[in-house]
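Everything on this sheet refers to the single structure shown next.
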Amino acid sequence: MIALSRKTRPAILLAASRRWSLLSQLTLRDIEMRYRGAGLGLVWTVLTPLMMLLVYTFVFGTVFKSRWDTSGAQASSMEFAVILFSGLIFFQLFSDVVTRAPSIILANTTLVKKVVFPLEILVPVALSSALFHAGISMLVLVPFVAVIFGGIPITFLFLPLIVLPFGLMILGIGWFLAALGVFIRDIGQVVGTVTTALLFMSPVFFPMSALPEWIRPALSFNPVTVPVEQLRRILIFGQTPDFLGLAVYAIAASAIAICGYLWFAKTRKGFADVL
């Protein structure tokens with residue numbers, strides 16, 4: 001192993017600090033831009049998930065009278081709404097980044113010709129902004145879980161073990177689509193359709209146990225399936241995560257993140273020529 005010199009170590013730490021500072025600044029700007037001009041501003045970050053939860057409760061619990069089997073018993077309409085909303089939080093996190101990725105370079109063409117600007121940071125900025133909104137939605141969800149299900153299980157502390165590999169998966173897909181979107185402009189339309197299909201092919205509206213056993217492995221390849229299932233285990237049902245399943249997902253997510261970054265780094269040399 002090659003040891004770093006005393007001069008190299010501070011340089012690496014300084015570069016990392018600058019990247020982190022840039023990421024923080026761009027994330028704050030991205031969040032502010034979303035609500036710029038709105039009278040209530042950031043208050044919408046709380047109102048939006050609250051309204052969504054009320055709508056889901058009414059539509060699926062009252063109109064469609066949907067139910068969710070939990071440990072042999074059927075969940076009430078409010079329980080169903082909370083279970084549904086928990087899955088939608090993670091799907092929205094995935095969708096926010098993936099649907100923005102194909103146009104994220106096109107929306108920042110002025111930065112492409114700036115050699116010193118790290119273009120690869122744009123996808124982490126989109127992810128950080130989406131994580132902020134997902135966190136607000138989670139803060140809205142947790143009190144409802146406490147009231148409806150009688151408390152917050154201690155297993156909720158395993159949340160970082162689920163979010164981290166999920167974030168890596170999103171980054172990898174985001175980097176790949178961001179680079180591809182520069183060369184194939186129509187990819188954004190395709191991604192929107194595929195993302196909608198992934199919503200209905202993931203256990204957001206139904207439990208995996210409701211599906212025939214022969215099709216369950218196929219749905220496991222959906223990048224949203226494992227995180228959604230694991231979130232419900234730790235937050236709603238008070239179960240420990242499926243550590244083996246999470247480990248396999250984390251390995252796959254890490255591989256996709258590395259491949260996505262390498263693809264982005266290799267193709268970014270041609271961005272200026274196309275734009």
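Remember, predicted model here, so these are calculated numbers, not experimental data. All residue numbers in this chain count up from 1 along the given sequence.
Phe94 meets the ring-ring contact (aromatic ring centres under 6.0 Å, His included) test with no other residue; sequence neighbours excluded. Remark: Phe243 engages Phe158, Leu161, Thr240, Pro241 in a side chain to side chain contact (heavy atoms under 4.5 Å, CB included) (not counting sequence neighbours). By the ring-ring contact (aromatic ring centres under 6.0 Å, His included) test, Tyr261 is found to be paired with Trp175, residues two or more places apart in sequence or in another chain being considered. Residues passing the salt bridge (Lys or Arg N to Asp or Glu O under 4.0 Å) test with Asp96: none are found, sequence neighbours excluded. Ser128 pairs by the side chain to side chain contact (heavy atoms under 4.5 Å, CB included) definition with Leu23, Thr27, not counting sequence neighbours. Qualifying side chain to side chain donor-acceptor pair (under 3.5 Å) partners for Ser129, counting only residues two or more places apart in sequence or in other chains: Asp30. Legend: residues meeting ring-ring contact (aromatic ring centres under 6.0 Å, His included) with Phe85, ordered by chain and number and at least two apart, are absent. Remark: Ser86 pairs with Arg232 by the side chain to side chain donor-acceptor pair (under 3.5 Å) rule, at least two apart or across chains.
A pairwise comparison of heavy atoms in Phe117 and Arg268 identifies O-NH2, 3.6 Å as the closest pair. Listed here is the closest heavy atom pair of Val191 and Thr99: CG1-CA, 4.2 Å. The two residues Ala126 and Ile104 have their closest heavy-atom pair at CB-CD1, 3.9 Å. Counting all heavy atoms, side chain and backbone alike, Val228 lies closest to Pro203 at CG1-O, 3.6 Å. Contact record, Gly181 with Leu106: O-CD1, 3.8 Å, taken as the closest heavy-atom pair. Heavy-atom minimum distance, Leu235 versus Val145: O-CG1, 3.6 Å.
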Legend entry - Step-by-step side chain to side chain donor-acceptor pair (under 3.5 Å) determination, Thr225 to Glu229: CA-CA 6 Å; Thr225 295; Glu229 285 278 285; over 6 Å; no
Inset, instruction - Could you walk me through whether Phe166 and Phe90 pass ring-ring contact (aromatic ring centres under 6.0 Å, His included), step by step? - result: CA-CA 9 Å; Phe166 190 34; Phe90 265 18; 5.3 Å; yes
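Between the CG atom of Leu127 and the CG atom of Leu168 there is a distance of 9.0 Å, given to the nearest 0.5 Å. How far CG of Leu111 is from CG of Leu119: 6.5 Å, rounded to the nearest 0.5 Å. One finds the CG atom of Leu177 at 6.5 Å from the CD1 atom of Ile187 (value rounded to the nearest 0.5 Å). Rounded to the nearest 0.5 angstrom, Asn108 CG and Leu122 CG are separated by 5.0 Å. Distance CD1/Ile89 to CG/Leu141: 4.5 Å, rounded to 0.5 Å. One finds the CD1 atom of Ile152 at 9.5 Å from the CD1 atom of Ile236 (value rounded to the nearest 0.5 Å).
The shortest distance between side-chain heavy atoms of Gln92 and Val97 does not fall below 4.5 Å. Between Val112 and Val182 there is no side-chain heavy-atom pair separated by less than 4.5 Å. Side-chain contact between Leu131 and Val163 is present, with heavy atoms from C-beta onward closer than 4.5 Å. Put simply, the side chain of Leu246 reaches to within 4.5 Å of the side chain of Gln230, judged on heavy atoms. Glu79 has its side chain out of reach of Val82: every pair of non-hydrogen atoms, C-beta onward, lies at least 4.5 Å apart. Side-chain contact check for Val194 versus Val98: every heavy-atom pair is 4.5 Å or farther apart. Taking 4.5 Å as the limit, some side-chain heavy atom of Phe156 sits within range of a side-chain heavy atom of Val142.
Residue pairs that meet the side-chain hydrogen bond (donor to acceptor under 3.5 Å, both in side chains) test with at least one member in residues 130-148, sequence neighbours left out, are Tyr35-His133. A salt bridge (charged side-chain N to carboxylate O under 4.0 Å, His left out) check over residues 241-256, counting only residues at least two apart or in different chains, returns nothing. The list of salt bridge (charged side-chain N to carboxylate O under 4.0 Å, His left out) pairs with a residue in residues 179-200, not counting sequence neighbours, is empty.
Side-chain N or O atoms of Thr196 include one that pairs as donor or acceptor with a backbone N or O of Gly192 at under 3.5 Å. In this structure, the side chain of Ser95 does not engage the main chain of Phe91 through any donor-acceptor pair within 3.5 Å. Judged by distance alone, with hydrogens and angles left aside, the side-chain atoms of Tyr249 form no donor-acceptor pair with the main-chain N or O of Leu244 at under 3.5 Å. At least one donor-acceptor pair under 3.5 Å links the side chain of Arg216 to the backbone N or O of Met208.
Through direct or indirect side-chain contacts shorter than 4.5 Å among Ile, Leu, Val, Met, Phe, Trp and Tyr, Ile154 is connected to Leu157.
Here the two rings, on Phe200 and Phe206, have centers that are 6.0 Å apart or farther.
Checking Gln189 against Thr193 by side-chain atom types alone, no donor-acceptor pair falls below 3.5 Å.
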